[in-house]
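Treat the numbers as computed from the prediction; the structure is a model and nothing was measured. Indexing begins at 1, ligand by ligand and atom by atom, following the structure's order.
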Amino acid sequence: MPIIELEDVSKLYGFGDAATVALDEVSLHIEEGEFVAVMGPSGCGKSTLMNIIGLLDRPSYGTYMMNNRSVAKLRPPRAAKYRRDTIGFIFQNFNLLPRLTALENVALPLVYKGMTLGRRTRQASDMLARVGLQHREYYYPRQLSGGQTQCVAIARALVNNPKLIIADEPTGNLDSAGSRLVMELLSEIHKTGNTILFVTHNPELTRYATRVVYMHDGAIVRDEQTVIGDVAPTARRVMYTVPATTVEDDLAGVSALMNHLPDAEPAATMSLKEKTRKTGKARRSKRSRT
Ligand SMILES: Nc1ncnc2c1ncn2[C@@H]1O[C@H](COP(=O)(O)OP(=O)(O)OP(=O)(O)O)[C@@H](O)[C@H]1O
Ligand SMILES: [Mg+2]
């Protein structure tokens with residue numbers, strides 16, 4: 001049974017002529033235990049998809065079931081509780097509080113659970129040990145390397161024991177050694193039974209995934225089962241065979257080249273975006289990468 005079931009989920013930002021179609025009738029099922037990489041050019045809707053799956057945002061249209069229940073309809077306080085108990089988030093910029101130690105950062109989500117300070121500290125300490133940073137408990141984020149900082153953020157995401165981990169470009173600010181550290185850790189976590197979704201612009205990191213979902217203009221244009229250890233076939237093809245066509249492509253990196261994938265065409269049926277475009281009600285705006 002899938003833990004995540006999205007059916008025809010669309011997300012529009014803004015209204016009328018200024019509306020942006022960030023997700024365009026996306027359907028996606030994710031089974032428990034999958035390790036899914038999400039790739040695609042800047043502005044194609046990856047973060048929007050992560051935020052909807054992670055209950056940080058709501059679909060404009062369509063249905064979202066998690067563990068067979070319609071979570072998108074939960075009232076905000078219940079959604080927040082459900083999110084805390086079920087989902088761990090990891091972000092590109094780590095989002096740690098700079099004035100708290102590694103240990104205090106990891107213990108923070110437990111405050112909501114009403115645990116005593118002693119229990120919180122013990123649990124956070126165990127979690128830091130699990131990510132290999134027991135010797136850094138009293139360090140502040142600025143005293144850690146990028147890779148270590150992200151490992152602390154991963155420990156914090158795991159401290160509530162969530163089944164689903166959502167990581168939006170977890171290695172986006174890391175060098176290759178830091179990226180490796182973080183991806184190896186996510187791999188370990190995956191082996192212990194967690195379901196993991198991560199966004200990446202780096203085709204090399206598809207080696208860690210069991211499945212790769214490719215997005216373009218708010219839609220899923222390809223969905224590939226992959227072998228752990230191998231770069232996913234489409235990512236490999238984009239990496240080695242599709243030439244850069246513009247300076248912008250060069251700057252944006254390999255993921256921008258996915259714009260030129262031969263069969264990255266919209267579905268045959270008329271999409272929400274086309275419908276809105278036809279009626280002149282929506283306009284896509286493309287953000288430049290930071
Ligand atoms: N809060 C918002 N208000 C208005 N438009 C938004 C908002 N968030 C995202 N968008 C727009 O929705 C589209 C999808 O954005 P999203 O951030 O999901 O893309 P992305 O694939 O994560 O891009 P990147 O690789 O740069 O992180 C973009 O056109 C973006 O400008
Ligand atoms: Mg994003």
Problem set entry | Backbone of Arg120 reached by a side-chain donor or acceptor of Gln123 within 3.5 Å | no
Problem set entry | Carboxylate-amine/guanidinium contact Asp223 Arg211, below 4.0 Å | yes
Exercise. If hydrogens are left out, which of Met39, Lys46, Glu169 has an atom nearest to atom 21 (O) of ligand 1, that is, the closest non-hydrogen atom?
Worked result: Lys46
Problem set entry | Heavy atoms from other residues, nucleotides or ligands near NZ of Lys81 exceed 12 (cutoff 6.0 Å) | no
Exercise. Tyr214 side chain to Ala235 main-chain N or O, any donor-acceptor pair under 3.5 Å?
Worked result: yes
Exercise. Given that the side chain starts at C-beta and the backbone is N, CA, C, O, which of these parts of Met215 lies under 4.0 Å from ligand 1, counting heavy atoms, or is it both or neither?
Worked result: neither
Seminar exercise, completed: Min over Gly45, Gly172, Ser42 of heavy-atom distance to atom 19 (O) of ligand 1 lands on Gly45
Exercise. Under 3.5 Å, N or O to N or O, is Gly43 touching ligand 1 that way?
Worked result: yes
Exercise. Quick one: does Gly14 get a heavy atom under 4.0 Å from ligand 1?
Worked result: no
Exercise. Which atoms of ligand 1 are found less than 4.0 Å from any heavy atom of Thr48?
Worked result: 14 (C), 15 (O), 16 (P), 18 (O)
For this session: Heavy-atom contacts with Ser47 under 4.0 Å: which atoms of ligand 1 show up? List them by number with element.
Result: 17 (O), 18 (O), 20 (P), 22 (O), 27 (O)
For this session: Report yes if Cys44 has an N/O atom closer than 3.5 Å to an N/O atom of ligand 1; otherwise report no.
Result: yes
Problem set entry | Test log, rule salt bridge (charged side-chain N to carboxylate O under 4.0 Å, His left out), inputs Asp230 and Arg207 | CA-CA 5 Å; Asp230 292 350; Arg207 286 183 196 280; 5.2 Å; no
For this session: May I ask you to check whether Gln92 brings an N, O or S atom to under 2.8 Å from the Mg ion (ligand 2)?
Result: no
Problem set entry | side-chain hydrogen bond (donor to acceptor under 3.5 Å, both in side chains) partners of Asn173, counting only residues at least two apart | none
Problem set entry | Contact check, Met50 vs ligand 1, heavy-atom distance below 4.0 Å | no
Seminar exercise, completed: The atoms of ligand 1 lying under 4.0 Å from a heavy atom of His201, numbered in the order shown, are 25 (O)
For this session: Ignoring angles and geometry beyond distance, decide whether Thr20 reaches within less than 3.5 Å of ligand 1 through its nitrogen or oxygen atoms.
Result: no
For this session: Could you tell me whether the side chain of Leu186 reaches within less than 4.5 Å of the side chain of Phe35, counting heavy atoms only?
Result: yes
For this session: Measure from the side-chain N and O atoms of Lys46 to the backbone N and O of Gly40, and report whether any donor-acceptor pair falls under 3.5 Å.
Result: yes
